[in-house]
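Take a look at the structure below.
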Number of protein chains: 2
Amino acid sequence: MENLSSKQSQVLRFLMDFNADYGFPPTIRELCDHFGFKSLNTAHFHLRSLEKKGYIQIHPGKGRGITLPEARRLPERKIPVVGRIAAGLPILALENIEDFLGIDKGFFCTEKSFAVQVKGDSMVDAHIQDGDYVIIKIQDQAQNGDIVAALIDDEVTLKYFYRRKRQIRLESANPKYPPLIFKKEEARSFRILGIMAGLVRKRQ
Amino acid sequence: MENLSSKQSQVLRFLMDFNADYGFPPTIRELCDHFGFKSLNTAHFHLRSLEKKGYIQIHPGKGRGITLPEARRLPERKIPVVGRIAAGLPILALENIEDFLGIDKGFFCTEKSFAVQVKGDSMVDAHIQDGDYVIIKIQDQAQNGDIVAALIDDEVTLKYFYRRKRQIRLESANPKYPPLIFKKEEARSFRILGIMAGLVRKRQ
DNA sequence: CAAAATATAGAACGTATGTTCTACTTACAG
DNA sequence: CTGTAAGTAGAACATACGTTCTATATTTTG
């Protein structure tokens with residue numbers, strides 16, 4: 001999915017929120033009012049951009065004729081699946097979201113959360129398999145022994161977290177993979193996105 | 001909630017379907033077209049009736065200004081958690097249901113399904129931990145190697161399923177536990193409830 | 001640097017859409 | 001039988017709403 005400018009993101013977010021609140025999309029004039037646009041064409045322009053990039057569908061001539069893809073209709077309660085994290089963007093930026101899990105956020109008692117799909121066997125000893133979705137509660141702190149989602153080179157990785165004096169150790173739950181060790185001074189080369197709050201496996 | 005006449009039911013159903021398809025409600029004229037009404041007032045009248053009975057909310061003056069209650073936007077169907085199965089009762093009898101998981105049944109592609117909470121470590125080698133919820137697709141057949149939920153002495157148990165000639169073997173995924181072997185003539189002492197369709201772990 | 005994408009403003013136009021009024025039919029309960 | 005609710009029809013009206021054209025400024029990109 002093509003990248004969105006920050007204004008386009010804001011407009012899409014507003015469409016989703018408005019839809020969730022009222023059950024129907026806003027008119028172009030309501031869009032203008034909300035953002036303070038003084039011209040109808042400004043709002044109309046953003047809608048056309050969003051449609052060109054495939055985020056919405058416009059039904060010409062129909063009042064409030066904006067269709068959001070089903071995944072984005074009531075997303076506020078569903079858990080977003082985050083794929084690659086584009087540099088600089090916040091975790092939950094729309095561009096990072098691949099899909100939504102049909103699970104209410106409240107189920108895992110974590111309003112601020114997302115999911116990542118596990119690739120590979122680096123966490124099998126924690127009983128986390130290839131293909132599992134791990135639900136991550138967003139926070140930048142972690143305790144020793146927590147399973148954390150860390151961002152290393154735009155890539156989301158799951159590891160056990162251990163801090164000792166001047167260094168942080170990120171360990172796999174599989175002896176095949178060596179631990180990653182970060183000294184305090186190079187702590188900026190990775191970032192903790194959150195800690196594991198649950199797991200979902202879709203498998204026969 | 002007050003009862004609906006059959007026409008009113010049909011109109012409400014149409015509102016829900018239209019909403020699900022397009023992401024916005026129909027106009028009064030679209031309602032007329034669908035039902036073959038020749039007067040706008042007919043459709044308008046039904047909408048007013050539905051609002052008076054509390055099924056929808058009308059926003060006067062707004063195009064497509066119909067709000068369905070959130071519950072009716074996307075029907076929610078949660079997965080029941082089954083505990084002990086009382087003798088003689090069907091699996092999904094209300095008496096057997098301990099709780100519901102806030103997960104839509106469709107998520108695991110199994111309309112007929114339930115969940116059991118795992119107790120113990122008999123399936124750890126299949127990466128199923130103590131406390132995990134395993135989603136079971138209801139069916140009475142199983143293939144060799146499937147993980148099945150079986151009813152043994154009113155107790156729901158998870159096992160690997162193997163059939164060989166005149167006997168059925170139910171194996172744990174943990175060498176600590178010996179396999180259960182049933183000869184064909186004693187096959188009535190257990191019952192297959194269904195096969196594993198997914199897993200949910202709620203854990204920090 | 002030039003071209004393209006992004007962002008915004010203002011105005012004019014036509015039609016899509018909700019509202020309301022009158023009127024008629026059928027079924028049903030008091 | 002008479003009143004009330006459900007269901008339908010037709011028409012007139014006001015306005016909510018999308019569309020399109022012209023212009024301008026800023027930022028990004030090749």
Side-chain angles (χ1 to χ4, degrees), chain A residues 1-15 17-19 21-68 86-90 93-95, chain B residues 1-15 17-19 21-68:
Chain A
M1 198 84 94
E2 213 176 328
N3 269 8
L4 292 178
S5 74
S6 109
K7 245 316 154 27
Q8 289 166 354
S9 260
Q10 286 173 43
V11 171
L12 183 55
R13 164 77 51 196
F14 175 67
L15 293 180
D17 289 346
F18 193 103
N19 240 289
D21 287 347
Y22 297 101
F24 48 83
T27 65
I28 291 180
R29 282 170 179 83
E30 285 164 347
L31 257 166
C32 286
D33 287 349
H34 179 263
F35 286 100
F37 299 148
K38 289 177 184 158
S39 166
L40 296 180
N41 192 34
T42 304
H44 204 264
F45 170 82
H46 288 304
L47 291 181
R48 284 192 302 262
S49 307
L50 284 172
E51 187 180 37
K52 209 178 337 175
K53 293 185 178 178
Y55 284 82
I56 65 172
Q57 189 183 346
I58 298 177
H59 301 256
K62 302 198 170 183
R64 304 180 189 273
I66 300 169
T67 302
L68 294 168
L89 287 178
L94 294 167
E95 290 86 342
Chain B
M1 199 84 97
E2 213 175 330
N3 269 5
L4 294 178
S5 74
S6 109
K7 246 316 158 21
Q8 289 165 356
S9 269
Q10 286 173 46
V11 172
L12 184 55
R13 160 111 268 141
F14 176 66
L15 292 179
D17 290 346
F18 193 103
N19 241 290
D21 287 347
Y22 296 100
F24 49 81
T27 65
I28 291 180
R29 282 170 180 83
E30 285 163 346
L31 258 166
C32 287
D33 287 350
H34 179 262
F35 287 99
F37 299 148
K38 288 177 184 158
S39 166
L40 296 180
N41 192 35
T42 304
H44 204 264
F45 170 81
H46 287 304
L47 292 181
R48 284 193 301 262
S49 306
L50 285 172
E51 186 180 39
K52 209 178 337 175
K53 293 186 178 177
Y55 284 83
I56 65 172
Q57 190 183 347
I58 298 177
H59 300 256
K62 302 199 170 181
R64 304 180 190 274
I66 300 169
T67 301
L68 294 169

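Note on naming: letters A, B, ... go to the chains in the order of the sequence lines (proteins, then strands), and numbering restarts at 1 for each one. Keep in mind that the numbers below use all heavy atoms, side chains included, and drop hydrogens, waters and symmetry copies.
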- Item | Closest non-hydrogen atom pair, L12(A) against L50(A) | N-CD1, 4.1 Å
- Item | Derivation of the side-chain contact (heavy atoms from CB on, under 4.5 Å) call for V11(A) and H34(A) | CA-CA 10 Å; V11(A) 171; H34(A) 179 263; over 6 Å; no
- Please step through ring-ring contact (aromatic ring centres under 6.0 Å, His included) for the pair H46(A) and F37(A), ending with a clear verdict. CA-CA 11 Å; H46(A) 288 304; F37(A) 299 148; 5.6 Å; yes
- Q8(A) side chain N/O closer than 4.0 Å to the phosphate oxygens (OP1, OP2) of dA7(C)? yes
- Message: Go through it in stages, so that I can follow the logic: the residues are H59(A) and F24(B), the test is side-chain contact (heavy atoms from CB on, under 4.5 Å), and I'd like the CA-CA distance, side-chain angles, deciding distance and then a yes or no.
- Response: CA-CA 11 Å; H59(A) 301 256; F24(B) 49 81; 3.7 Å; yes
- Query: Touch check for H46(A), heavy atoms < 4.0 angstrom, all strands: base, sugar-phosphate only, or nothing?
  - Reply: sugar-phosphate
- Message: How many whole angstroms separate atom NE2 of H44(B) from atom C1' of dC21(C)?
- Response: 13 Å
- Query: Does the side-chain contact (heavy atoms from CB on, under 4.5 Å) test come out yes or no for C32(B) and L40(B), once each step is laid out?
  - Reply: CA-CA 6 Å; C32(B) 287; L40(B) 296 180; 4.1 Å; yes
- Query: Does anything in residues 29-43 of chain B reach DNA chain C, meaning a heavy atom under 4.0 Å, and if so which residues?
  - Reply: R29(B), L40(B), N41(B)
- According to a strict under-4.0 Å criterion, is K7(A) in side-chain N/O contact with OP1 or OP2 of dA5(C)? no
- At their closest point, which heavy atom of I66(B) faces which heavy atom of P25(B), and how far apart are they? O-CG, 3.2 Å
- Please report, rounded to the nearest Å, how far the P atom of dA5(C) is from the CZ atom of F45(A). 10 Å
- For DNA chain D, note the earliest and the latest nucleotide, 5' to 3', having some atom under 4.0 Å of a heavy atom belonging to chain A. dC17(D) to dT22(D)
- Apply side-chain contact (heavy atoms from CB on, under 4.5 Å) to the pair K7(B) and Q10(B), showing each step before the final yes or no. CA-CA 5 Å; K7(B) 246 316 158 21; Q10(B) 286 173 46; 3.8 Å; yes
- Query: Can you tell me if CZ on R48(B) sees more than 12 non-hydrogen neighbours from other groups inside 6.0 Å?
  - Reply: yes
- Grab the CD1-C1' distance between I28(A) and dG10(C) for me, whole Å please. 15 Å
- Could you check how far CZ of R48(A) sits from C1' of dT8(C), rounded to whole Å? 12 Å
- Query: How far apart are the closest heavy atoms of R64(B) and K62(A), and which atoms are they?
  - Reply: NH2-CB, 3.3 Å
- Does K62(B) or S49(A) map to a spot on DNA chain C nearer the 5' end, using the closest nucleotide for each? S49(A)
